[in-house]
Amino acid sequence: MALIVQKFGGSSVKDRNRIFNVARIVANTHKAGNDVVVVVSAQGDTTDDLIAKAAEITHNPSAREMDMLLAAGEEISIALLAMALNELGCHATSLTGWQAGFRTDRAYTKARITRMETERISSELERNRVVVVAGFQGLNKLDDITTLGRGGSDTSAVAIAAALHADRCQIYTDVEGVYTADPRKVRNTRKLEEITFDEMLELASLGAQVLNNRSVELAKKYNVELEVLSSLNPVPGTVVKEVTKDMEGMLIKGVAKDTDVAVITILNVPDEPGTSFKIFGLLAQKNINVDIILQSTGRDGKKDISFTCAEGEAETAMRVLKESGKFKDATCDETCAKVSIVGAGMQSHSGVASKMFEALSNNNIKMISTSEIKISCIIDRDDADKAVSAIHDMLFD
């Protein structure tokens, strides 16, 4: 008997037919003699609908109340799926995030898990029940509901798998695995049989929407092997693990695009020690994540600093900088996108960067960032789709 954690996204449970499809997958896994914990997201576009409802009331809702509102989406999903499982003769119990033992910090709308209390889940499993858990949510020290940020259900599933030492953690989506690019938008993509945690973490952080980046980070930390599968087509998926056997010798594992990008530039910054700390310390106090950073060479005692952040955090970042009184000369460009290539093979092979920049030769490249296994470029957002296709053609055809 194995303990298996299965996670299903919102599109997998968006309506009655999809819910019963998921219920049959879960029931078959349980009937095969396995203990099963299922983590589900809110149905379809429920989260977006709830955000729209909040916007009908106020343009500036408190983060605490948004968490209270958005947590309702997953509660609907778990109740309906548990009902479907019971209808199929598979005994199931639904648990909210806090009932399942998720304890978090106080960062509303993007909380982090501080600990797991798994007694309730274990108790239900001992009664031979399937446990259906609401992803994306937890409880902080004030007993307030918190949410883990968009895509947080992936993180919930991996956290449960790690805490319970599960034998397998399966992430079911509407695609059949991890591809070299989004197969819905790029031609001739290839499905990967396996990919390393590091490569998947980079792809997830750079805009690939198959897995949430925090879930991959957690899986790597606790060595939870992941399997990305389709909930609609029962074919082998992609395994995400620490070490892979790359029989094909693929230098690049994927091309990703992220349009949730804003570029903020601070002009005429004093060219003196400690200035960068002051800037990014202000942003850190507001939990604003900064990605690419570019600093110009100092001249006449001044320099320029540019950085990227999520578009949704750009307004807050600009306000914080200008309210400081020291960095008022700042601009924000929200017409950008980030295109990236990822692959451990580029560490030991030359020419990869050359091919990427050849594919982007007609684009206005505004910023470049590199690491041992990735290259990212900031370009105009309107050019992003064509750029991804051009890069993929150059590297994989």
Side-chain angles (χ1 to χ4, degrees), residues 4-12 25 39 41 135 150-158 161 168-221 223-259 338-346 352 356 371-376 385 388-389 391-393 395-397:
I4 299 177
V5 176
Q6 298 179 320
K7 180 265 175 180
F8 294 89
S11 61
S12 297
I25 294 172
V39 177
S41 301
R150 297 302 288 264
S153 293
D154 288 350
T155 305
S156 300
V158 174
R168 205 179 316 161
C169 183
Q170 299 175 321
I171 308 294
Y172 284 87
T173 71
D174 56 357
V175 294
E176 296 174 2
V178 181
Y179 285 77
T180 51
D182 187 340
R184 294 163 294 195
K185 297 181 179 179
V186 179
R187 65 184 182 89
N188 297 330
T189 56
R190 306 180 192 177
K191 185 173 72 176
L192 306 172
E193 290 185 8
E194 52 186 20
I195 186 172
T196 67
F197 286 132
D198 287 337
E199 290 170 324
M200 190 67 245
L201 181 58
E202 288 284 10
L203 281 173
S205 301
L206 295 168
Q209 298 179 354
V210 179
L211 286 173
N212 172 268
N213 62 316
R214 281 170 57 185
S215 71
V216 183
E217 188 179 281
L218 198 61
K220 176 178 172 62
K221 179 178 180 180
N223 198 26
V224 175
E225 190 169 295
L226 304 177
E227 185 178 10
V228 181
L229 301 155
S230 168
S231 61
L232 304 176
N233 192 12
V235 297
T238 301
V239 175
V240 186
K241 57 185 180 179
E242 186 64 41
V243 179
T244 64
K245 295 179 181 179
D246 192 357
M247 301 302 292
E248 298 180 3
M250 291 177 65
L251 302 182
I252 301 301
K253 291 295 178 65
V255 184
K257 174 195 74 173
D258 185 3
T259 56
K338 178 167 57 180
V339 293
S340 310
I341 59 173
V342 173
M346 71 173 67
V352 175
M356 180 177 185
S371 74
E372 290 182 335
I373 65 171
K374 66 108 177 187
I375 302 173
S376 295
D385 286 334
V388 169
S389 293
I391 295 168
H392 192 274
D393 289 346
L395 293 172
F396 291 100
D397 276 3

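Residues Val224 and Ala161 come closest through the heavy atom pair CG1-CB, 3.8 Å. Minimum heavy-atom separation, Ser156 to Val39: CB-CG1, 4.1 Å. In terms of heavy-atom proximity, Phe197 sits nearest to Asn223 at CE1-OD1, 3.8 Å. Scanning both residues, Leu229 and Gly237, for their nearest heavy atoms gives CD2-N, 3.6 Å. Residues Val5 and Ala157 share a closest heavy-atom pair of CG1-O, 3.6 Å.
Between Leu192 and Tyr179 the shortest side-chain heavy-atom distance does not fall below 4.5 Å. At a threshold of 4.5 Å between non-hydrogen side-chain atoms, the residues Phe396 and Thr189 do not count as touching. Looking at heavy atoms from C-beta onward, Lys374 lies out of side-chain contact with Ser340 at the 4.5 angstrom threshold. Residues Val178 and Lys191 have side chains not in contact (no heavy-atom distance under 4.5 Å, counting atoms from C-beta outward). Under the 4.5 Å side-chain criterion, counting only non-hydrogen atoms from C-beta, Ile252 is not in contact with Val342. With a 4.5 Å cut-off on side-chain heavy atoms, Phe8 and Ile25 count as touching. Contact annotation: the side chain of Ile373 approaches that of Glu202 to within less than 4.5 Å [non-hydrogen atoms, C-beta and beyond].
Remark: Ser205 engages no residue in a side chain to side chain donor-acceptor pair (under 3.5 Å) (not counting sequence neighbours). Legend: residues meeting salt bridge (Lys or Arg N to Asp or Glu O under 4.0 Å) with Asp182, ordered by chain and number and at least two apart, are Arg184. Gln6 is linked by a side chain to side chain donor-acceptor pair (under 3.5 Å) to Thr29, Gln170, counting only residues two or more places apart in sequence or in another chain. Residues satisfying the side chain to side chain donor-acceptor pair (under 3.5 Å) test with Asn233, not counting sequence neighbours, are Glu176. For Asp385, the side chain to side chain donor-acceptor pair (under 3.5 Å) criterion is met by Lys257, not counting sequence neighbours.
Taking CG of Leu211 as the reference point, atom CG of Asp154 lies at 5.5 Å (rounded to 0.5 Å). Considering CD1 of Ile4 and SG of Cys169, their distance stands at 10.5 Å, rounded to 0.5 Å. Atoms NZ and CG, on Lys253 and Leu395 in that order, are 14.0 Å from each other to the nearest 0.5 Å. With values rounded to the nearest 0.5 angstrom, Ile391 atom CD1 is found 12.5 Å from Thr180 atom OG1. Rounded to the nearest 0.5 Å, atoms CG (Leu218) and CG (Leu226) are 9.5 Å apart. Note that the OG1 atom of Thr238 and the CD1 atom of Ile171 stand 12.5 Å from one another [nearest 0.5 Å].
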What do the steps show when you test Arg187 against Asp393 for side chain to side chain contact (heavy atoms under 4.5 Å, CB included), and what is the final call? CA-CA 9 Å; Arg187 65 184 182 89; Asp393 289 346; 3.4 Å; yes

Apply side chain to side chain contact (heavy atoms under 4.5 Å, CB included) to the pair Ser376 and Leu206, showing each step before the final yes or no. CA-CA 8 Å; Ser376 295; Leu206 295 168; 3.5 Å; yes

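Under the side-chain hydrogen bond (donor to acceptor under 3.5 Å, both in side chains) test applied with Ser41, the options Ser153, Ser11, Ser12 reduce to a single match, Ser153.
Residue pairs meeting the salt bridge (Lys or Arg N to Asp or Glu O under 4.0 Å) criterion with at least one partner in residues 228-243, sequence neighbours excluded, are Glu194-Lys241, Lys220-Glu242.
For Thr155 and Ser215, the side-chain atoms include no donor-acceptor pair closer than 3.5 Å.
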